Amino acid sequence: MLDLRWILSHREEMEACLKNRHHDFDLNILASLDEERRKIIGQTEELKARRNEGSRRVGAAKKAGEDASPLMEDIRRMGDEIKALDDKLAKVEETLHGHLMTLPNRLSETTPVGNDENDNPVVRTWGTPGEFSFEPKPHWDIAEALGIMDFEKGVMLAQSRFTVLKGLGARMERALIAFMLDLHTKKHGYTEVEPPFMVRSAILEGTGQLPKFAEDLYKIENEDLWLIPTAEVPLTNLQRETILDESALPIYYTAYTPCFRREAGSAGRDVRGLMRQHQFDKVEMVKICTPETSYDELEKLTSNAEEVLQLLELPYHVVNLCSGDIGFGSAKTYDLEVWLPSQKRYREISSCSNCEDFQARRMGLRYRPADGGKVRFAHTLNGSGIAVGRTLIAVIENYQREDGSIAIPRALVP
RNA sequence: GGAGACGUGGCCGAGUGGUCGAAGGCGGUUGACUCGAAAUCAACUGAGCGGCUUGCCGUUCCUAGAGUUCGAAUCUCUACGUCUCCGCCA
């Protein structure tokens, strides 16, 4: 959520942002709702001041043994008026809040303008795709032949887009999780967290998945609980509705969790293999910091994710998401894309974003500056560190041998 | 799941329906003292919103929501949470 006053005082910038994001919205709606809101507040507060004064006089009159009933009758009528105005105000504010909650974040100046993923500039490339003396196979062929992935059993137990990992497949998934968590906690200074895998609606509103993207989420029946689509949700909300001391910042969290996504808009895409599942494992990194440091923190966060790929010796490149491709809550996002030899192209394996104060404002996450200044909203960042299932794919495909076996990355050898 | 108790500021903890944003303490900041933020003393110390003469005025907030009342931290109802006992249980 953006600050209404900021939006109204940066109309041109905001209109350009909406256009570049392909988001259609008329800002005049906000301006007129805000005007109405202020008008009602003026009226209601004046009435309340008079009521409070009147009530004080009733108390004084009763203490003095005088008859206060005419005065009480006046105040009662005032009370009815106040109630009507308060109801009206609540409706206006609800409408206003609803618009603000579905408006995307502003964009960083360093986020390029572009239409779609084809306009994302490559920032840097690491490693070179390996040369194969044979035609590299897709991971599903290799893994099924080795008996480490069972796609049919996934469908039998659940649905399409669910997979069973078995034997050394399950073990490598576990090894990758442990490897990533150890790296981020021991080397990069993150605090390991194990959060609930289900959260209530307000938590998802805090990070921006609700109210707009409910169709992407799994909801628990008869409960106000949803399965988390990413650990970003519980981790970022850990500090919601608090005012931190600046000395407590930055805060670094990391967590392994399964992630649950409906993939509602992805019909027909990546239908084979482990690439796009309704349930997948991810190690996530979250940072809470001051506005002054958030873009430096984004660079560090991204390099923390890159280090996972470097240690696994998987070729990748980094792209800067353009305005037409970037997520709803992000001001700037770097995607890490890993090389998949069977597809002969780079595929997304991590997404690192600076949300600035967009999420913090939604969840009431603030800090008190060390210089004693006014309380401010913190900045929040999140990044995959990294998607575990896709890493398993990348290892299988990049480390495959002609005989159908897979070499083990040096970093994973105990 | 059953029975009972309870939910007050960063923390602890008072609070009889009226002058309570809320005593007192702890913590924090500043000043005095000092070689020294060790001790002592003093002052200050919540957030949101609206207004304008930008420092003040007004308003809201005592878990949340609804109600009673001229007036609610205080009374009623509901939800959520915490604690104790019983039951069940990885």
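This one's a predicted model, so the numbers in the text were calculated from it and none came from an experiment. Within every chain, numbering begins at 1; the chains are lettered A, B, ... in the order of the sequence lines, protein sequences first and strands thereafter.
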Engineer: Could you pull out every donor-acceptor pair under 3.5 Å between side chains of residues 303-312 of chain A and any protein atom, sequence neighbours left out?
Structural biologist:
from: A:Ser303; atom 1: OG; to: A:Lys300; atom 2: O; distance (Å): 2.8
from: A:Asn304; atom 1: OD1; to: A:Tyr190; atom 2: OH; distance (Å): 2.7
from: A:Asn304; atom 1: ND2; to: A:Lys300; atom 2: O; distance (Å): 3.3
from: A:Glu306; atom 1: OE1; to: A:Arg124; atom 2: NE; distance (Å): 3.2
from: A:Glu306; atom 1: OE1; to: A:Tyr316; atom 2: OH; distance (Å): 2.6
from: A:Glu306; atom 1: OE2; to: A:Arg124; atom 2: NE; distance (Å): 3.3
from: A:Glu306; atom 1: OE2; to: A:Arg124; atom 2: NH2; distance (Å): 2.6
from: A:Glu307; atom 1: OE1; to: A:His188; atom 2: NE2; distance (Å): 2.8
from: A:Glu307; atom 1: OE2; to: A:Lys187; atom 2: NZ; distance (Å): 2.5
from: A:Gln310; atom 1: NE2; to: A:Tyr316; atom 2: OH; distance (Å): 2.8

Engineer: Can you tell me the pairing partner of B:rG31 across any strand shown, Watson-Crick or G-U wobble, with both distances under 3.5 angstrom?
Structural biologist: B:rC41
Engineer: Under 6.0 Å between ring centres, would you say that holds for A:Phe358 and A:Phe328?
Structural biologist: yes
Engineer: If we ignore angles and hydrogens, is there a donor and acceptor under 3.5 Å between the side chains of A:Asp281 and A:Tyr256?
Structural biologist: yes
Engineer: Going by the angle between their ring planes, with limits at 30° and 60°, are A:Tyr346 and A:Trp339 parallel, tilted or perpendicular?
Structural biologist: perpendicular
Engineer: Report the base-pairing partner of B:rC6 (Watson-Crick or G-U wobble, both distances below 3.5 angstrom), or none.
Structural biologist: B:rG81
Engineer: Looking at side-chain heavy atoms only, is the closest gap between A:Asn105 and A:Met1 below 4.5 Å?
Structural biologist: no
Engineer: Is the phosphate of B:rU59 approached by A:Asn52 (side-chain N or O, under 4.0 Å from OP1 or OP2)?
Structural biologist: yes
Engineer: Between the protein and nucleotides 61-69 of chain B, list every N/O to N/O distance that falls short of 3.5 Å.
Structural biologist:
none

Engineer: Any protein N or O atoms within reach of nucleotides 88-90 of chain B? Criterion: under 3.5 Å, listing atom names and distances.
Structural biologist:
none

Engineer: Give none if B:rU19 has no partner; otherwise give the nucleotide forming a Watson-Crick or G-U wobble pair with it, both distances under 3.5 Å.
Structural biologist: none
Engineer: Between the protein and nucleotides 47-50 of chain B, list the N/O to N/O atom pairs that are separated by less than 3.5 angstrom.
Structural biologist:
from: B:rA47; atom 1: OP1; to: A:Arg368; atom 2: NH1; distance (Å): 3.3
from: B:rA47; atom 1: O3'; to: A:Arg366; atom 2: NH1; distance (Å): 3.3
from: B:rA47; atom 1: O2'; to: A:Arg366; atom 2: NH1; distance (Å): 3.2
from: B:rC49; atom 1: OP1; to: A:Arg5; atom 2: NH2; distance (Å): 3.2
from: B:rC49; atom 1: O3'; to: A:Arg37; atom 2: NH2; distance (Å): 2.8
from: B:rG50; atom 1: OP1; to: A:Arg37; atom 2: NH2; distance (Å): 3.0
from: B:rG50; atom 1: OP2; to: A:Arg5; atom 2: NH1; distance (Å): 3.4

Engineer: For A:Arg240, check salt bridge (charged side-chain N to carboxylate O under 4.0 Å, His left out) against everything at least two apart and list the hits.
Structural biologist: none
Engineer: Please determine if A:Arg262 forms a cation-pi arrangement with A:Tyr218, meaning its NZ or CZ atom is less than 6.0 Å from the six-membered ring centre and no more than 45° off the ring axis.
Structural biologist: yes
Engineer: Check whether more than 12 heavy atoms from other residues, nucleotides or ligands sit under 6.0 Å from atom CD of A:Glu152, and answer yes or no.
Structural biologist: no
Engineer: Listing request: all salt bridge (charged side-chain N to carboxylate O under 4.0 Å, His left out) pairs with a residue in residues 44-55 of chain A, at least two apart in sequence or in separate chains.
Structural biologist: A:Glu46-A:Arg50, A:Lys48-A:Asp86, A:Glu53-A:Arg56
Engineer: How close do A:Gly208 and A:Arg362 get, heavy atom to heavy atom, and via which atoms?
Structural biologist: CA-NH1, 3.4 Å
